Amino acid sequence: MTTLLQINASISHSKGQSSQLANQFVAAFCARNPSAKVVVRDVAAAEPVPHLDGERFGAFITKADERSAAQHAVVAYSDALIAELKAADVIVLGLPMYNFGVPSQLKAYFDHIARAGATFKYTEKGPVGLLTGKKVYVFAARGGLYAGTPLDTQTSYVRDFLRFLGMTDVEFIYAEGLAISPQSKEAGLAKAIAEIARLAA
Ligand SMILES: Cc1cc2nc3c(=O)[nH]c(=O)nc-3n(C[C@H](O)[C@H](O)[C@H](O)COP(=O)(O)O)c2cc1C
């Protein structure tokens, strides 16, 4: 059975354009794969991931038998996020652009899943990602037009981060120009929806 993990990162709950596009893709995917198990993780609106501060990172690097109860809880939370990711064959990420970057809660999520020995390891040849064999679809929603230009540092950041953890099969689907004009929004969404239809075919 295929397990699909949908990660929503919009601050606008289910109204977020990235979440709505991710939903449409997941519906098409499930129509093609009726036995698929879908797990939804909302990192920004429903269950915002806390920022990684010194205390939380301190819990990660404290030996298991020396952790306080609070530190155990922090590590258990991170472990649960990682287990959810490890169990997924397909990952669908709704990716809003906020102030040229990823939502800060998504960055916080990334900070909780990048753990040496769990999702990557250091070797003499450099870091090696441990989350291999997964397919990732990213639904990127933007007010402006950036894809393919030097201003789109978001795409390379997300791609590099996923590669660091071993996820190299990553496809970006863009809905851009959503804030420029009603016509531009319509065209941007139509392009993304056409991509979803292509992927579902
Ligand atoms: C706080 C905030 C910052 C934004 N910054 C940018 C930006 O830097 N570039 C851009 O193209 N659009 C920007 N936008 C527009 C969003 O990318 C657009 O509304 C998109 O639909 C967000 O995804 P969502 O609807 O899934 O939340 C911003 C929107 C918000 C609310």
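We count ligands from 1, going down the list as the structure has it; atoms in each ligand are counted the same way. Residue numbers count from 1 along this sequence. None of these values were measured; they are calculated from a predicted model.
- Partners of S19 by side chain to side chain donor-acceptor pair (under 3.5 Å), not counting sequence neighbours: none found.
- In this structure, the ring of F120 has its center less than 6.0 angstrom from the ring center of Y122.
- Partners of R32 by salt bridge (charged side-chain N to carboxylate O under 4.0 Å, His left out), not counting sequence neighbours: none found.
- For F139 and F172, the ring centers sit 6.0 Å or farther from each other.
- For the salt bridge (charged side-chain N to carboxylate O under 4.0 Å, His left out) test, residues two or more places apart in sequence or in another chain that qualify with R163 are D160.
- Heavy atoms from other residues, nucleotides or ligands lying under 6.0 Å from CD of E171 number more than 12.
- Ligand 1 is surrounded by S10, G16, Q17, S18, P96, M97, Y98, N99, F100, A141, R142, G143, G144, Y146, L178, each with at least one heavy atom closer than 4.0 Å.
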